[in-house]
Enquirer: 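Below is the structure I would like to discuss, written out as structure tokens.
In this text the structure is predicted, and so the values were computed from the model without any measurement. Whatever order the structure lists them in is the order used to number ligands and atoms, beginning at 1.
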Amino acid sequence: MRLSAVKGTYDVLPDDQPRWRALLRSTAEVLGRAGVDEITTPVFEHLEVFEKSVGESADLVVQKEMYTFEDRGGRWLTLRPEFTAGVLRAYIEHGMYTWPAPVKLWSAGPAFRAENVQRGRFRQFHQVNCELIGGRSALLDAEAIALLVDTLRAAGLAGVHVKVGSVGDVDDRERYNAYLRQALAPVADELSEVSRERLRLNPLRVLDSKDARDQALLARLQRPLDLLGPEARAHFDDVVAALRRWDVPFEIDPAIVRGLDYYRFTAFEVHHAGIGAQSALGGGGRYDGLVANLGGPDVPGIGWAFGIERVLDALHGEAVALPGRQRPLAYLVPLDQEAVGEVAALARALRAEHRVEHGYVARNPGKGLRDADRAGAKVAVLRGARERADEHVVVKDLRSGAQQRLALRALAEHLRSVERSEPNPDEAPRHGPESAR
Ligand code: AMP
């Protein structure tokens, strides 16, 4: 008998390795510049971790897709079908909610789902996952989306297509579910079997249907975005404004939903013409309440994942040589509310060249400098009302203590000279996670 790989699994052969490594390197670099640190969690967890994260109305489709087994010690274990639950389990277990927020973590490795195998759909596949945990600001939602786009672009992918929507808050979601139940009740018999089951358990997920007849029935209905309450609407408008300000290409799609119960507010997907309209490269959304569901404090977050196979499938790029992990060159401190948005936009521009981090709330100079120091930055850049008045920033070299006022337009050149004068000692070559080698 010839042994072969299990159906839905495959080997990454030596020829394919450089593409994997290049993707993981460019991912590590883009996310690292934005202050996202890597975390590796186990590929299996206690079943409970996924049961709790999937939510009370336990989405049967997800449950059925999980590989769950009893080990010799009588424990029920599950191979992770996605990363978020395990990462948040670790976030809670290690008390990361006491760290400066937001805590930003990314991972890469295999995930497992007992799906029908077809092109681009495997039983063991690989994801890059990113979580920004501990902030309610719409700026964080926009940052998450921008990071997903930036990561895919850095991998060499052109033609990335982002769709953004919102499922609203708990009330909005309930209202929309009630609306769907009522609107679809008369035509329930015409829906596909999967959609009928979803209509019963979690109506919102009917919108995810790939069935053409289902989509025809849905076309006449209102979308979640049409029924948002004022809070969710304002949050959504802020996300959209930040994305426009940052020139992140996107399209508003009122029908985008994330099916699992814990998703709130922003939901997004990334598509690519090369792999067909039905399948996404990746997606994500905001989860408020998930950390609490898993037994932690009431901390909100936002995250995304993309499928490595699908990105490689869509990719025509080449391997990119990248340096390893860095300390931020600069940490931007907002001294008033208006500066919070300004430094976020400034950081985004500077991240084209350097690792740059920034504060998300207004700080006094003393606290701001402490934040910059804690971040390990070489340089702190302060921005407030006085600096705004004449388009300056205050730049403090955190090693020498020297401080100067600098015209905003001279900042990029100044940071370049700091980088040149003392190359980052941490720039050792870095490899992808063990699992993806
Ligand atoms: P999801 O967690 O379902 O939103 O999936 C995020 C991304 O992971 C998708 O957009 C796909 O790129 C990828 N993905 C999910 N399931 C599979 C699968 N069975 N095979 C390959 N890639 C997958």
Enquirer: For E353, what residues pass the salt bridge (Lys or Arg N to Asp or Glu O under 4.0 Å) criterion, not counting sequence neighbours?
Expert: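 In terms of salt bridge (Lys or Arg N to Asp or Glu O under 4.0 Å), with neighbours along the sequence ignored, E353 is linked to R416.
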
Enquirer: Closer than 4.0 angstrom, basic N to acidic O: yes or no for D288 and R286?
Expert: yes

Enquirer: Using a strict cut-off of less than 4.0 Å between a Lys/Arg side-chain nitrogen and an Asp/Glu carboxylate oxygen, indicate whether R355 and E419 qualify as a salt bridge.
Expert: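 Answer for the salt bridge query: no.
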
Enquirer: Taking 4.0 angstrom as the limit, do R264 and D169 come out as a salt bridge?
Expert: no

Enquirer: Under a 4.0 Å heavy-atom cut-off, what residues line ligand 1?
Expert: R113, E115, G120, R121, F122, F125, Q127, R258, A280, L281, G282, A305, G307, R310

Enquirer: Can you sort out the partners of E269 under side chain to side chain donor-acceptor pair (under 3.5 Å), two or more places apart, ordered by chain and number?
Expert: H271

Enquirer: Once side-chain hydrogen bond (donor to acceptor under 3.5 Å, both in side chains) is applied, what residue pairs with a partner in residues 241-256 remain, sequence neighbours excluded?
Expert: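 Qualifying pairs, neighbours excluded: H161-E251.
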
